[in-house]
K.L.:
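Take a look at the following structure, please.
Reckoned from all heavy atoms, side chains included, excluding hydrogens, waters and symmetry mates. Sequence lines set the chain letters: A, B, ... in the order given, protein chains first and strands last, and positions in each chain run from 1.
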There are 2 protein chains.
Amino acid sequence: MRRGAETLFFGSYTNKIDAKGRLATPALFRRALDLERVNAIYCIPSTEEPCLDCGGVDYIETLMASITALDPFSKERRSLERTVTARTSVVSLDKEGRINLPEHLLGHARLNGKALFAGLGHSFQIWNPDEFAAIVPDEEKIAGAAKLSLRNPTPSETAP
Amino acid sequence: MRRGAETLFFGSYTNKIDAKGRLATPALFRRALDLERVNAIYCIPSTEEPCLDCGGVDYIETLMASITALDPFSKERRSLERTVTARTSVVSLDKEGRINLPEHLLGHARLNGKALFAGLGHSFQIWNPDEFAAIVPDEEKIAGAAKLSLRNPTPSETAP
DNA sequence: TGGGATAGCATGGTATTTTATGGGCGGTCA
DNA sequence: TGACCGCCCATAAAATACCATGCTATCCCA
């Protein structure tokens with residue numbers, strides 16, 4: 001599996017959705033995706049928020065692995081399969097790196113003319129830029145508190 | 001992982017931002033960065049101060065490691081990802097070691113014609129030189145008091 | 001010891017490539 | 001037929017690579 005910071009999603013980018021419903025994926029994200037392996041992005045409507053959880057093959061494989069690790073007949077696994085696996089859309093990229101989101105995903109994320117890509121490391125989210133801006137103040141408060149509880153890591157602690 | 005004092009950021013340097021927005025990274029900092037691995041600097045707008053927290057791959061991987069150590073679906077992790085990862089810009093260096101900061105980072109650090117690089121050991125900060133000069137007296141007072149509580153470190157604690 | 005050659009660095013300008021975005025054309029399926 | 005999809009190409013702006021200059025500090029050898 002590919003690893004390292006160069007395969008992670010960093011930063012935020014706002015792109016336009018054109019008249020034909022096409023949306024350009026940020027160039028930096030395209031490089032983080034393993035498009036050689038699968039020329040597609042996997043999109044899952046978030047259950048908690050009006051946004052889409054997205055990633056490449058690596059992302060969906062990791063997610064599937066954690067679901068299939070559960071007992072095959074457990075209630076949890078079945079509902080996870082239904083809410084996650086069944087809702088996941090595989091959207092492929094055209095030669096210019098654009099995707100075409102299906103109607104129900106556009107609706108879920110309340111997207112109209114523009115879309116914001118927010119890098120979350122191993123995955124990224126797609127938001128309506130206005131909705132995203134609205135949650136930022138709350139996010140900052142939570143993150144500010146969470147930061148205090150993060151231990152200050154030193155390189156030697158993470159070294160192999 | 002690379003270690004030792006030759007990979008640390010020491011000293012302060014003030015460089016010019018040219019008409020095209022290019023800013024030369026101090027040569028000593030370029031050597032501390034692991035540019036062979038990833039030819040880029042990771043910049044995060046500080047939440048507390050008008051400056052940018054910066055470092056190389058090692059720096060961001062250490063930071064990401066402490067975030068991914070949190071429960072994947074916790075509110076804290078999500079907020080950290082959105083306020084830290086999503087705001088992190090990956091700026092690449094040209095052959096001469098210059099970077100081109102995006103507009104929102106220039107704004108956050110209130111940079112116009114010049115930028116000051118302040119080495120912090122494993123990371124460094126980029127400041128507007130005037131803003132930095134303004135906080136120095138206060139910093140000296142705090143540091144003077146903090147020094148008294150520093151244990152006397154032995155070389156073996158930091159050496160490989 | 002002194003002075004010229006040298007190497008490294010910040011900085012400046014120009015050319016080339018990427019990238020986001022726009023539109024056209026031919027199939028396909030209802 | 002007409003909405004829609006995948007494909008191809010066009011373009012303007014922005015990002016990036018490439019090449020040039022001047023300064024400074026260092027080194028080396030007479």
K.L.:
I'd like to know if B:D130 pairs up with B:R110 as an ion pair, taking the criterion as any Lys NZ or Arg NE/NH1/NH2 lying under 4.0 Å from an Asp or Glu carboxylate oxygen.
P.N.:
no

K.L.:
How many Å lie between NZ on A:K95 and C1' on D:dC7, as a whole number?
P.N.:
8 Å

K.L.:
Specify the separation, in whole Å, of atom CD1 of A:I99 and atom P of C:dA20.
P.N.:
12 Å

K.L.:
With a 3.5 Å cut-off and just heavy-atom distances, do the side chain of A:E96 and the base of D:dC7 make a donor-acceptor pair?
P.N.:
no

K.L.:
B:L105 has an atom CG; how far is it from atom P of D:dA15, in whole Å?
P.N.:
12 Å

K.L.:
What is the distance, to the nearest angstrom, from the NZ atom on A:K114 to the P atom on C:dA20?
P.N.:
13 Å

K.L.:
Return the nearest nucleotide to the side chain of A:R30; candidates are C:dT11, C:dT21, C:dA20.
P.N.:
C:dA20

K.L.:
Please list residues of residues 19-26 of chain B whose heavy atoms come under 4.0 Å from any atom in DNA chain D, ordered by number; otherwise none.
P.N.:
B:K20, B:R22

K.L.:
For the residue pair B:F9 and B:F29, categorise the inter-ring angle as parallel (less than 30°), tilted (30 to 60°) or perpendicular (more than 60°).
P.N.:
perpendicular

K.L.:
Is any side-chain nitrogen or oxygen of A:N15 closer than 4.0 Å to OP1 or OP2 of C:dT21?
P.N.:
yes

K.L.:
Any N or O donor-acceptor pair linking the side chain of A:R98 to the base of D:dG6 at under 3.5 Å?
P.N.:
no

K.L.:
Is it true that B:R82 and A:E49 make a salt bridge, defined as a side-chain N closer than 4.0 Å to a carboxylate O?
P.N.:
yes

K.L.:
Answer yes if the side chains of A:K141 and B:S79 hold a donor-acceptor pair under 3.5 Å, and no otherwise.
P.N.:
no

K.L.:
A:S92 near the nucleic acid: base, sugar-phosphate alone, or nothing, with a heavy-atom cut-off under 4.0 Å?
P.N.:
nothing

